[in-house]
Amino acid sequence: MEENKTILKNFIQKIIEEDLAAGKNNGKVITRFPPEPNGYLHIGHAKSICLNFGLAKQYDGVTHLRFDDTNPEKEEVEYAESIKTDVKWLGFDWGDKLFYASDYFEKLYDYAVLLIEKELAYVDSLDSEKIREYRGTLTEPGKASPYRNRSVKENLELFAKMRAGEFKEGECVLRAKIDMASPNINMRDPVLYRIKFASHHRTGDKWCIYPMYDYAHALSDAIEKITHSVCTLEFEDHRPLYNWCVEKTEIDAQPQQIEFARLNLTYVVMSKRKLLRLVKEGYVSGWDDPRMPTISGVRRRGYTPQAIHEFAARIGVAKADSIVDYALLEYCLREDLNRRAQRRMVVLDPLKLTIKNYPDDQVEWFDAENNPEDLSMGTRKIPFSKHVYIEKEDFMVDPPKKYFRLSPGGEVRLKHAYYVKCVDYKTDEAGNVTEVICEYDPKSKGGWTEDGRKVKGTSHWVSASHAIKIEVRLYNNLFLKENPEEDGDFIKNLNKDSLEILTSAIAEESLADAKPEERFQFLRQGYFCVDSKESSKEKPVFNRTVTLKDSFKI
Ligand code: ATP
Ligand code: MG
């Protein structure tokens, strides 16, 4: 498996290696990650980030982080900042290669003037509805605008007036003059510039015309001399336009657009527009809600960058769209957390257990390994005393067959401590068990007996007088359906039980000092991480990152 991973090249690596062998681009590899700062990044973006930065790393190249900020109304500084944080958190570094498409607005304008001079662009005064109507359909060719043959002089004047703010929004646009009969609708005189009286988060009110994505993106790639412009499949039909823009503006660069399949995950919606709706309409607490598939959300939930890298490597890149099972991401996560998370004992749903024959004020300290997978992580001392807490589900008055936990007359091991046998229990008026009374075997210290007597069950526990109370947040999938959009609106498929808050979990004292984002395995309960936003020493809050086994339930 490991070997295959290094030997088998994906189709993008093959293209790059052929280019390098042919001496194209002077042997350079320059990729870019070009997010639009109109929302927080999600796991899909992580795939693209790992791919772009990974390729550059592999071929000794560089990756530019470029904000495609050509759409002033939807973009915010907060988004741009969060994107930088997320890319860094994933472990990638753009060095001094941080760019904004808006830095090129002046250049892009000049190139548009050049296109007009070459009779390859014109100002169209049709309104947007007419432009759409004239564009034709997949089966019918488009129709030329009556303004298509304006003179170069007139076009230059009109375009200058557009920039000067002399027209209203929608009154005219700049279009490329390509081919209204092209079978590819993208080539039917696409709009290059539109008028928008909107303040831009970086250029303020300097501009009232803004370049369209296809034009700005292709030219930004060319200006930065990007060699391999990797994007998702929906841009395949835009590639001829991408090439047209680079060629006709005569920029000295040969960026090659390469498309791959976007990542889709089961039980997840993954478009910024949809995620924004979840935030705006209050279905989640924010972009970084631990249930969100955003990078900030999964970070807060406790995911590791290494697990995401491994996931990206395993899904690879393909040319055909598919849906990846969320369980694969969780598998990568467990593998990674198993190696790096220290073990702790935490009782989520506490039941008091009193050891009758244990001296009242005695406390013993047992050694517990921090991670049996990695002994270099050392041990810690855990206190044991007469009163401990166990999980409610670890005791049953009337157990079914094959129940290996505690029941009247039964015996279990308290992890790292002693064997205890249930001799009695107490209930409240409603019959709920409120306390289990046990006797311990002093000869089973450390959890083993000299006579070799075996018990089937081992319970985790916390000493009552050495415990802290913590809040634990358990998460389930945000959506009930594998495809949340199966029957239209994904809001209808929201899982109302996606968050369960436990306010009286009992934990080892040492967890009071855990740092934000620090991760642990709570024995038998899964991997947890300190909530970076709401946890405090007075009230520690832990998010369950993932359960120990695939136990998806809704
Ligand atoms: P969304 O639809 O979620 O808003 P987008 O493509 O509009 O995504 P951009 O900010 O334009 O978001 O994307 C930046 C880069 O991330 C692009 O190169 C895009 O192709 C890539 N990308 C976005 N979504 C995915 C995905 N699900 N899988 C892989 N790459 C993606
Ligand atoms: Mg987009």
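Counting starts at 1 for both ligands and their atoms, following the listed order.
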Identify all side-chain donor-acceptor contacts of residues 320-333 below 3.5 Å with residues at least two apart in sequence or on another chain.
residue : atom : partner : partner atom : Å
Asp325  : OD1  : Ala327  : N            : 3.0
Tyr326  : OH   : Tyr303  : OH           : 2.8

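- Within ligand 1, counting atoms from 1 as listed, the ones closer than 4.0 Å to a heavy atom of His45 are 8 (O), 9 (P), 10 (O), 12 (O), 13 (O), 14 (C), 16 (O), 22 (N), 23 (C).
- A salt bridge is defined here as a Lys NZ or Arg NE, NH1 or NH2 lying under 4.0 Å from an Asp or Glu carboxylate O, and Arg148 with Asp189 meets this definition.
- Of the polar atoms of Pro35, none of the N or O atoms is found under 3.5 Å from an N or O of ligand 1, judged by distance alone.
- Proximity of a side-chain donor or acceptor of Arg188 to a complementary backbone N or O of Thr137 within less than 3.5 Å is detected.
- For Arg339, the side-chain contact (heavy atoms from CB on, under 4.5 Å) partners two or more places apart in sequence, or in a different chain, are Asp336.
- At least one N or O atom of Lys272 sits closer than 3.5 Å to an N or O atom of ligand 1.
- Using a 4.0 Å cut-off between a side-chain N of Lys or Arg and a carboxylate O of Asp or Glu, Arg300 and Asp531 qualify as a salt bridge.
- If you look at Phe33 next to ligand 1, the close heavy atoms, those under 4.0 Å, all belong to the side chain.
- Residue contacts with ligand 1 for His42 involve side-chain atoms from C-beta outward but no N, CA, C or O (heavy atoms, distance under 4.0 Å).
- The pair Glu81-Lys84 meets the salt-bridge criterion, with a side-chain N (NZ, NE, NH1 or NH2) lying under 4.0 Å from an Asp/Glu carboxylate O.
- His42 places none of its side-chain heavy atoms less than 4.5 Å from the side chain of Leu263.
- If you check each of Ala261, Pro34, Gly44 against atom 31 (C) of ligand 1, the one with the closest non-hydrogen atom is Gly44.
- In this comparison of Glu234, Arg262, Arg32, the heavy atom closest to atom 24 (N) of ligand 1 sits on Arg262.
- Proximity to Met270 (heavy-atom distance under 4.0 Å) selects the following atoms of ligand 1: 3 (O).
- Close approach of ligand 1 to Thr232 (heavy-atom distance below 4.0 Å) involves ligand atoms 19 (C), 20 (O), 29 (C), 30 (N), 31 (C).
- Counting the atoms of ligand 1 from 1 in the order shown, those under 4.0 Å from a heavy atom of Ser48 are 16 (O), 21 (C), 30 (N).
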